[in-house]
Amino acid sequence: MVFHLINVLFLVQLTMTPILSFNKSSLVGRELEFIFQTISNGQIAGDQMFSKKCHGLLKEVLQVCSALVTTSCTHALEMAAILLNIQPGDEVILPAFTFVSTANAFVLRGAQPVFCDIRSDTLNLDESKLEELITPRTRVMVPVHYAGVGCEMEEILEIAGRHGVAVVEDNAHGLFGKYRGRWLGTFGCMATQSFHETKNITCGEGGALLINEERFIERAEIIREKGTNRARFFRGQVDKYSWVDVGSSYVMSDVLAAFLYGQLEKWREIQAKRRAIWELYDMELADWASANGVRQPVVPEHCEQAWHMYYLLMPSLQARTEFIARLKDKGIMAVFHYLPLNRSAFASNLASAPTDCPVTKDVSDRIVRLPFYTSMTEKEQRRVIHAVLEWKS
Ligand SMILES: Cc1ncc(COP(=O)(O)O)c(C=O)c1O
C-alpha cells in the first residue's frame, strides 16, 4: 500500500515537472514578420527577396565568393560532389565520427568512403592519419568541424595540396566559428552549412553551399536549378532557359528563407546567448567532471568555437547509459549521437579497405550532449546542472 502511494506520488511529481527537451526552436527576431511579408508579396518560390538577403549576408560576413541557400546541408554536400565531378571508383576521405550525409553525398555519385579516425581532444578528423589513407584514387577530403571547433586546417590543406586532393568543409556545426582568426567554411574549395532545427541558426530544414573558388559559381547555380540556366535567365543574361547540365531541385523556398533571414540578421545575438549557456555549463560542471572521471569539451586556443553544443565524455558506455536514464527520470532529455560510420552495416559493403577507428568507437560509446538551445533560460539550465551534479561515478 505504502509502496503504491510512493509510486503514485512519484508519478504525480513527474507529470507536474515539465519535460526539458534536448532542443527547442527559438524565435529570435523578425522571422514571423518576414514570412508574412514574403507571402503578402506573393513571392514564396525560391531565390526571391529573402533568399537574396541570406546570400548577401553570408557572402558579406564570411567574405566567400558565393553563398547559395539550399534545401539542406545534405543537399549542399550533394552539390559539392557533383561540382567536383566525383565518379564511380573515386575515393573520399571523411571522419568515421560524423553524420551519414557527409558520406552519402559522395557515395550517391559512386565514390568509396575511406574513414579516418578522429582526434581524442577535439573529436575532429585526425590529420596525422590522413597521409596513410591517400591513394591515387583519392579525390576529396571532407573535414567536419565537430561541435563548431575548427579542424587543423593548416595541416589538412597542406596534405591535400601536396596530393592534388580537393577539400570540402562540412561546416554543419561551425557557422561563425573561426580557426586561426579565419572563418570556418572559407578554407576548402567549398563548404556546406546546415540550418536544420538543431543548429544555431535555423529555418527548420535548410542549408547553404559556400563557394570559395569563382570557377564553381556558374555551374553551382545550374545544378541547384534542376540542371537549367534559369538563374541566368532571371538575371536577363539569356532570353530563355533550358537544360544544360545534370542537376536537381536544391533551391530553398523563400518562406523558409524569410524565417532564416530573421535569424541570420541576429547572428551576433544568437552566438552571444549560446556562448553564455556554453560557458555556464563549462564552469558549473568543472569540479564535478574532474571528480567523476568525466571529460569536458576541449577547444584549442587557436580556435574560436561556434558555440554549437555542449557535450561530455562519460567514463564508460555503462556510465553514459545510467547518466542519460537518470536525467530522463528527472524529465531532462540528453542524447548521444554518431554511431561510427565505418562500423555501420551499409559501410561494410562500400569502404575500399576496412579502417579501424578506435577513438571514434570509444567516443561514440561515451559521448552525451546536454540540452542546449538559444532560448534556454537560466532557470532551465540550472535545472539541468543540478541534475547532472547529482550523478556520481
Ligand atoms: C556534420 C553534419 N553534416 C551534415 C548534416 C546534415 O544536415 P542537414 O540536416 O541540414 O541535411 C548534419 C546534421 O546534423 C551534420 O551533423
Side-chain angles (χ1 to χ4, degrees), residues 22-25 54 58 67-82 92-108 113 115-119 122-125 140-151 153 156 167-177 179 184-185 187-188 190-210 224 248-253 256-257 259-260 263-264 297 305-311 335-342 344 347 357 360 363-364 367-369 372-373:
F22 163 69
N23 179 60
K24 199 157 89 178
S25 56
C54 293
L58 289 169
L68 296 169
V69 290
T70 56
T71 28
S72 63
C73 180
T74 302
H75 282 168
L77 284 161
E78 288 178 20
M79 285 181 65
I82 299 173
V92 51
I93 301 179
L94 65 149
F97 189 65
T98 184
F99 193 69
V100 285
S101 299
T102 322
N104 251 339
F106 296 88
V107 171
L108 270 170
F115 297 106
C116 185
D117 207 357
I118 53 170
R119 296 171 58 109
T122 57
L123 318 189
N124 278 331
L125 178 139
V140 56
M141 292 174 189
V142 193
V144 176
H145 304 300
Y146 184 72
V149 176
C151 295
M153 290 313 295
I156 292 170
V167 174
V168 172
E169 297 168 75
D170 180 339
N171 196 28
H173 302 179
L175 185 58
F176 303 126
Y179 168 81
L184 299 180
F187 292 90
M190 285 172 262
T192 61
Q193 302 299 151
S194 176
F195 300 119
H196 179 258
E197 176 190 52
T198 49
K199 303 302 184 296
N200 298 20
I201 285 159
T202 176
C203 59
E205 299 278 355
L209 180 70
L210 306 181
R224 184 166 161 271
S248 192
S249 188
Y250 295 130
V251 176
M252 176 190 278
S253 155
L256 287 181
F259 191 97
L260 181 61
Q263 300 234 323
L264 270 177
Q305 63 155 313
W307 316 107
H308 173 51
M309 69 168 84
Y310 197 85
Y311 69 81
V335 300
F336 62 88
H337 72 162
Y338 296 164
L339 297 177
L341 278 188
N342 60 321
S344 63
C357 299
T360 297
V363 165
S364 172
I367 197 164
V368 57
R369 294 173 63 184
F372 194 97
Y373 43 89

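All values derive from a computational prediction rather than experimental measurement. In each ligand, atom 1 is the first atom listed, and ligand 1 is the first ligand listed. Numbers here simply count residues along the sequence, with the first being 1.
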In ligand 1, which numbered atoms sit nearer than 4.0 Å to a non-hydrogen atom of V144? 1 (C)
Contact with ligand 1 for Y338, non-hydrogen, under 4.0 angstrom: yes
In the protein, what heavy atom is nearest to atom 15 (C) of ligand 1, and what distance, to one decimal place, separates them? F99 CB, 3.4 Å
Considering both backbone and side-chain atoms of D170, is one of its nitrogen or oxygen atoms within less than 3.5 Å of a nitrogen or oxygen in ligand 1? yes
Please say whether A172 places an N or O atom under 3.5 Å from an N or O atom belonging to ligand 1. no
Which protein heavy atom lies closest to atom 10 (O) of ligand 1, and at what distance to 0.1 Å? S194 OG, 2.7 Å
I'd like to know whether Y250 forms a side-chain contact (heavy atoms from CB on, under 4.5 Å) with E78, so could you lay out the CA-CA distance, the side-chain angles of the two residues, the decisive distance to 0.1 Å, and finally the verdict. CA-CA 9 Å; Y250 295 130; E78 288 178 20; 2.9 Å; yes
Looking at ligand 1, would G206 count as a contact under a 4.0 Å heavy-atom criterion? yes
Contact (N/O only, under 3.5 Å) between T98 and ligand 1: no
Under a plain distance cut-off of 3.5 Å, with no hydrogens placed, do T198 and N23 share a side-chain donor-acceptor pair? no
Once rounded to the nearest 0.5 Å, what's the spacing between atom CD1 of I93 and atom CE of M141? 5.0 Å
So, applying side-chain contact (heavy atoms from CB on, under 4.5 Å) with L125, which one of D170, V144, I156 is it? I156
Report yes if some N/O of H173 lies less than 3.5 Å from some N/O of ligand 1; otherwise report no. yes
Quick check on H337 - does any of its heavy atoms sit under 4.0 Å from an atom of ligand 1? no
Who pairs with Y179 by ring-ring contact (aromatic ring centres under 6.0 Å, His included), at least two apart in sequence or on another chain? F187, H302
Among L94, V167, V168, side-chain contact (heavy atoms from CB on, under 4.5 Å) partner for P143: V167
Which residue supplies the protein heavy atom nearest to atom 7 (O) of ligand 1, what is that atom called, and how far is it? C73 CB, 3.3 Å
Is the side chain of S194 donor-acceptor paired with the backbone N or O of H196 at a distance under 3.5 Å, no angle test? yes
Please state which part of T74 comes within less than 4.0 Å of ligand 1, counting heavy atoms only: side chain, backbone, both or neither. both
Roughly how far, to the nearest 0.5 Å, is CD of E205 from SG of C73? 11.5 Å
side-chain contact (heavy atoms from CB on, under 4.5 Å) with H173: of Q193, Q305, H308, only one passes, and it is H308
Have a look at ligand 1 and work out which part of E205, if any, has a heavy atom under 4.0 Å from it: side chain, backbone, both or neither. neither
Backbone, side chain, both or neither: what part of K199 comes under 4.0 angstrom of ligand 1, heavy atoms only? side chain
Give the residue and atom name of whichever protein heavy atom lies nearest to atom 9 (O) of ligand 1, and the separation in Å to one decimal. H196 CB, 3.9 Å
Where does the angle between the aromatic ring planes of F97 and Y338 fall among parallel (under 30°), tilted (30 to 60°) and perpendicular (over 60°)? perpendicular
